Every structure is written in C-alpha cells, then in structure tokens.
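What follows is a set of notes on a single structure, which appears directly below.
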2 protein chains.
Amino acid sequence: MDWSIQEIAKLAGTTSRALRHYDDIGLLEPSRIGSNGYRYYDGAALVRLQRILLLRELGLGLPAIADVLAGETAETRALAGHLGWLRQEQDRLARQIASVERTIEALEGGEEIMAKDMFDGFDHTQYREEVEQRWGPEAYAAGDRWWRGMRDDERQAWKERTAALGRDWIAAAESGVAPGGAEAQELARRHVEWLAGVPGTPASQAGGDVKGYVIGLGEMYVADERFAANYGGEAGAAFVRDALRVYAEANL
Amino acid sequence: MDWSIQEIAKLAGTTSRALRHYDDIGLLEPSRIGSNGYRYYDGAALVRLQRILLLRELGLGLPAIADVLAGETAETRALAGHLGWLRQEQDRLARQIASVERTIEALEGGEEIMAKDMFDGFDHTQYREEVEQRWGPEAYAAGDRWWRGMRDDERQAWKERTAALGRDWIAAAESGVAPGGAEAQELARRHVEWLAGVPGTPASQAGGDVKGYVIGLGEMYVADERFAANYGGEAGAAFVRDALRVYAEANL
DNA sequence: CTTGACCTTGACGTTGCGTCAACTTCTACA
DNA sequence: TGTAGAAGTTGACGCAACGTCAAGGTCAAG
C-alpha cells in the first residue's frame, strides 16, 4: 500500500515540492519509482517524513535532520545544541528590539538620531570592523553589551562627561591656542582617558596599538562631519586631530 | 576630498563587497567613478552609508532602508512596522524554544516521542496543510497556541481522556462487536465529541465539512502505524475507521 | 621594471523550498 | 475511444545580503 506524492504530502502536511526537494538532497527517497517516473511512498517513508517534519518544526536544518535520522547524532544532543542557538537568537532579537524602541523614542522626542545621537556614548558600531579585526569579535560584543547594558542614569552621566569634553575642546579651539600647547595637550590626555572608559577600544585594553588608534580616531573626527559637529565643525575637529596626534606621538 | 572603496568601508565599518552590492542595487552609488573604473566616495556618501548601516543594524531590509532614505517612508513608521515583525519573531522563537525543551525532556524521560508522544494531545501539525487550506492560517495557529498554552494539569487531563478513548476502542475491537453496532457507534460519537475539543479541527467549528474530515481521519489511523498503534494496531485502527465511517455517514 | 596592494567585473554558494515553464501520463467522461 | 483536466516529471530562476574565489587591470613604491 503506497501513496502518490500528492497523497503523502497531504497526509504529512507538506507539499509535493518539498518532497521532491528531500529526494533531491537525499533526505527522503521514495520507496518506489514507477516506470513512468512517478514517485511512490510507503508507510516507512511516511514515518520518516513525519519525523523529518517534526524536527524541522523544531527549527533544525535539513542537514542536521539527516544526521539525526542517520543515527550519527543523538536526538537529544542535536536538540540541545539547537537550543543554544535558539537562545542566542532570542537574545539578539531582544537586544535589537530594545534598540529599535530606543531609536523610535528618540525620534519621537525630536532628537536628530542620525547626527547627534549616534555620537552619544561613542559610536561603537563605527569601529566594529576595526575592533573585531584587531581584538576579535568578543571585544566588539563586549562594548555593545556595555552600552546597551547601562542604566539610564549611567548613560546620562556618560553623555554629560562626553558633552563636557566636547565643549572644552570647542572652547580651546576657538581660543586660538596651539594644538601642541599645554591646554590642548591636557585635553588630549582627558580624551584618551575618556576613551579608556569604552570597552572595545584599544585604549581600554592592555597591549593594544593605542597610539595608532588615537591618531586614526582624530582623522575620523575630521573626515566625518557628524563627529566634526561635536567639536564645532571641521576646524574644531582638525584642532582635536592635531592635538591628539601630538599627544599620541609624545606619550603613547 | 574623497575616499577609495576600502577606505570608506573601514571608516564606516563595513566591507568593500557590501559597498559594491549597495551600488549594484542602487542603494548607494559612489560620488565619483574614476576613468579607471574605481569607485570614490565623498562625505555625503559617508553619511548616507552610515545611515544605511545604522538602519541595517536595527534589522531593516535593504529595500526598506531604500524607502526610508528616499523619504517615501517616515523613519518612525518604518521602524514601528519593523518592531512588530521583531516581536513576532521573538514570540515564535520563544514557542520554539519551549517546544524543543519539552521534546528534550520527553526524550530524556525515555518517552518515544516519535511514536506515542506525537499522538498525545492530537497531532495538529499533521493537518496543518489541510487546516490552513480550509480555514486559514489562523485556525492552525489557534490550535498550536491551544496546545502549547495549556497548563500541565490540563494537558494531563487531556491525555487521560485521549488514552481512555483509545483503551475503549481497543476493547471494543477485540470484543468482536460490529463497527456499525451500538457500542461502536457510541464510541464514534465520543470520538467526534473528543475531536470537537481540538481547536482547528472542523469538528470544533461551525460550517466545516465534519463528515469528510472524520472519514478521512479514520483512513489516517489505518495508514499511519503510529496512529494505528493507539488503537491496538492495524486491525484495531481498521475497526475505528469503519465505525467512524458508519457514524459519519449516518449522523454528520 | 617588478612586486605587492588595491581595484574591477563576473559568477557561484548559502537555506528551503515557491513558482513558473514545458512536456508526459493518468483518469474520467461523452 | 477521443479528449479534457488533473497530476506527474525534470529543469531553472528567485529570494537576502553579501562572502568568496577567479581572472585580470591599476597604482605606488623601491
């Protein structure tokens, strides 16, 4: 007693296309193939198909399902491993949701998220590539968790400290002092100190190329107008860049 | 002042490949293309790129991002819509996690999940295609939520009721009474009544083709040995099928 | 002039099928 | 028995967002 492809598809709650796919990848072959080329399935195939569909509904990939059905992997271990992945995904989603909510809130509050807010708390996404490349993905992830994991008041304090630093830079730049002068160099020191508070930056870790990082950062401030805006525009950013370079060359 | 593709990629924290992709799909074109074919980007492009990356990090798809940047869609609305999707995903994941956990638990408890447990509480996945086709996806989703949303004691009660029905069927089949006889017909009535307790089945809704459903169900019991096992094997299942058919023809 | 770094345009791979397209086979009815 | 319509077959493209070669031009430095 066997069924046609459509029949077994309905019995099991899937489609004939999926069954052909399973045949193609060798996950489930028909029990019999007619001389006309038609696929026919028997009870054993139905049972196997239902196990496949059950595991798939739990979110397992087809290769993983193949392993389980081949007996190469115990069901519990496959599922346990899968569970870890699911939990990670859930975590990621939760953080993403929080992030979107914060963004919407900010937008509704009239904040210019694309310019100012991106700088609030230091835009770590900015350096993701660089950070991951130099210190591994964990470093970036750590920084990300750090910022997202802060309480509102902590974030507020951080923002104020950041803003104060920005104000002082602008004042210095406008006062006409030299980037290499004592006042600017003190600001540069504070800037690096401030950077040290950001996990994921070399300044916060031992053994990193802090010097190159700080110099590159200065260039960024000039190159990116959104960053530049925090230092009073391009001229101010150039001042910061120069001061940081002098400081880095001399002290890092 | 502009940057090469690698430079801007590093500045913004992405890859040159992604930038070429964005160019290909028209999301972000270089501000200038050299006579050698090289792509060059200026400050405006950098800002646009960073907005793209920000939105992408929030999980938006590239087409959606294109809409936002084209001003065709307000940011808040795009994000709000996206938020809904994220929450749905989170929900789905949560249910899947619970499901996987239950399955692992069952496996560790030594239960033969693939045979017996699938029948516990009626395997609604079995009829997903059919259910969705006839009553829409909501019906299936409702049934799914129903089972997953039950408390343990509720599930237990349901299992016992199900088991009792199975025992009675087996006893009747073995006693040698006729499928069309009063005893078997009373069991059939109970069976349909029991079915009515399962959301998503036609028996639980008004206006469905209950008759065809019940008859088809009987066939299923015979065809699928796992179902058959609940009725004492193939012979028992055949008895159930015959009794259900007679009952359905006469009363539904 | 050579070497190496960087650029270009294809084009395939990824995940699990949905969805035509073009054609053959089976089933049922006049 | 001719034929329509349902169902079967094998390709092959599409999707999301790039990663990853491959093969070959361009540029800056020694």
Side-chain angles (χ1 to χ4, degrees), chain A residues 2-41 45 49 52-67 69 82 85-86 89 92 96 128-129 132-133 137, chain B residues 2-41 45 49 52-67 69 82 85-86 89 92 96 128-129 132-133 137:
Chain A
D2 47 14
W3 303 281
S4 75
I5 193 166
Q6 291 262 28
E7 287 167 351
I8 199 180
K10 282 211 164 184
L11 280 179
T14 182
T15 68
S16 58
R17 179 64 181 88
L19 286 165
R20 277 188 214 101
H21 184 58
Y22 296 158
D23 188 9
D24 287 345
I25 64 175
L27 180 58
L28 175 66
E29 291 173 16
S31 54
R32 182 170 70 82
I33 295 189
S35 57
N36 47 18
Y38 283 26
R39 294 172 175 81
Y40 295 99
Y41 299 82
L49 174 56
I52 290 171
L53 294 179
L54 175 71
L55 292 172
R56 213 191 51 121
E57 187 158 345
L58 295 179
L60 267 77
L62 297 187
I65 293 177
D67 285 351
L69 293 186
H82 181 55
W85 150 263
L86 285 175
E89 278 296 292
R92 198 178 57 77
Q96 205 168 59
R128 178 178 192 155
E129 162 102 342
E132 290 192 342
Q133 191 177 317
Chain B
D2 47 14
W3 303 279
S4 75
I5 196 169
Q6 292 261 29
E7 286 168 351
I8 199 181
K10 281 210 163 185
L11 281 178
T14 181
T15 68
S16 58
R17 179 64 181 88
L19 285 165
R20 276 186 216 103
H21 183 58
Y22 296 158
D23 187 9
D24 286 346
I25 65 174
L27 181 57
L28 176 66
E29 292 173 14
S31 54
R32 181 170 71 82
I33 295 188
S35 58
N36 47 20
Y38 284 25
R39 294 174 176 81
Y40 295 100
Y41 299 81
L49 174 55
I52 290 171
L53 294 179
L54 175 72
L55 292 172
R56 210 191 51 127
E57 188 156 345
L58 296 179
L60 267 77
L62 298 186
I65 292 176
D67 286 350
L69 293 186
H82 181 56
W85 150 263
L86 285 175
E89 279 297 291
R92 197 178 57 78
Q96 206 169 58
R128 178 176 190 158
E129 161 101 343
E132 289 192 343
Q133 192 177 314

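All values reported here derive from a predicted model rather than from experimental measurement. The sequence lines fix the lettering, A, B, ..., with proteins before strands; numbering per chain opens at 1.
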Atom pair distance, as rounded to whole Å: CH2 in B:Trp3 and C1' in C:dC7: 19 Å
For A:Glu89, all residues meeting side-chain hydrogen bond (donor to acceptor under 3.5 Å, both in side chains), sequence neighbours excluded: A:Arg92
Sugar-phosphate only, base, or nothing, as touched by B:Ile25 at under 4.0 Å among non-hydrogen atoms: nothing
Give every pair of a protein N or O atom and an N or O atom of nucleotides 9-11 of chain C that lie under 3.5 Å apart, one pair per line with the distance.
| unit_1 | atom_1 | unit_2 | atom_2 | d |
| --- | --- | --- | --- | --- |
| C:dT9 | OP1 | B:Arg39 | NH2 | 3.4 |
| C:dT9 | OP2 | B:Arg39 | NH1 | 2.9 |
| C:dT9 | OP2 | B:Arg39 | NH2 | 2.8 |

Sugar-phosphate, base or nothing in reach of B:Pro63, heavy atoms under 4.0 Å: sugar-phosphate
Sugar-phosphate, base or nothing in reach of B:Ser16, heavy atoms under 4.0 Å: nothing
Pairing residues for A:Ala64 by the side chain to side chain contact (heavy atoms under 4.5 Å, CB included) criterion, not counting sequence neighbours: A:Leu60
Side chain A:Gln96, main chain B:Glu57, donor-acceptor under 3.5 Å: yes
Short side-chain N/O contact from B:Gln6 to OP1 or OP2 of C:dC7, under 4.0 Å: yes
Quick test: give all pairs of protein nitrogen or oxygen and nucleotides 21-29 of chain C nitrogen or oxygen below 3.5 Å, distance rounded to 0.1 Å.
| unit_1 | atom_1 | unit_2 | atom_2 | d |
| --- | --- | --- | --- | --- |
| C:dC26 | OP1 | A:Asn36 | ND2 | 3.0 |

Distance (rounded to the nearest 0.5 Å) between A:Leu49 CG and A:Trp3 CH2: 10.5 Å
A:Leu53 CG - C:dG16 C1' separation (whole Å): 13 Å
CG on A:Asp24 to CD on A:Glu29, rounded to 0.5 Å: 10.5 Å
For B:Arg32, all residues meeting side-chain hydrogen bond (donor to acceptor under 3.5 Å, both in side chains), sequence neighbours excluded: B:Asp2
Whole-Å gap separating P (C:dC17) and CG (A:Leu49): 11 Å
Contact boundaries on DNA chain D for chain A, cut-off under 4.0 Å to non-hydrogen atoms: D:dA7 to D:dA12
Angle of first-five versus last-five pair axes in the helix from C:dC1-D:dG30 to C:dA30-D:dT1, to 10 degrees: 30°
Pairwise distance CD1(B:Ile52) to OG1(B:Thr14) - rounded to 0.5 angstrom: 9.5 Å
Close side-chain approach of B:Leu86 and B:Leu58, heavy atoms under 4.5 Å: no
B:Asn36: partners by side chain to side chain contact (heavy atoms under 4.5 Å, CB included), with sequence neighbours left out: B:Tyr38, B:Tyr40
For B:Ala66, side chain to side chain contact (heavy atoms under 4.5 Å, CB included) partners two or more places apart: B:Leu27
Partner residues of A:Arg39 under the side-chain hydrogen bond (donor to acceptor under 3.5 Å, both in side chains) criterion, sequence neighbours left out: A:Asp23
Heavy-atom side-chain contact between A:His21 and A:Leu62 under 4.5 Å: yes
Set of residues satisfying side chain to side chain contact (heavy atoms under 4.5 Å, CB included) with respect to B:Ala45, sequence neighbours excluded: B:Leu28, B:Tyr41, B:Asp42
Sugar-phosphate only, base, or nothing, as touched by A:Gly61 at under 4.0 Å among non-hydrogen atoms: sugar-phosphate
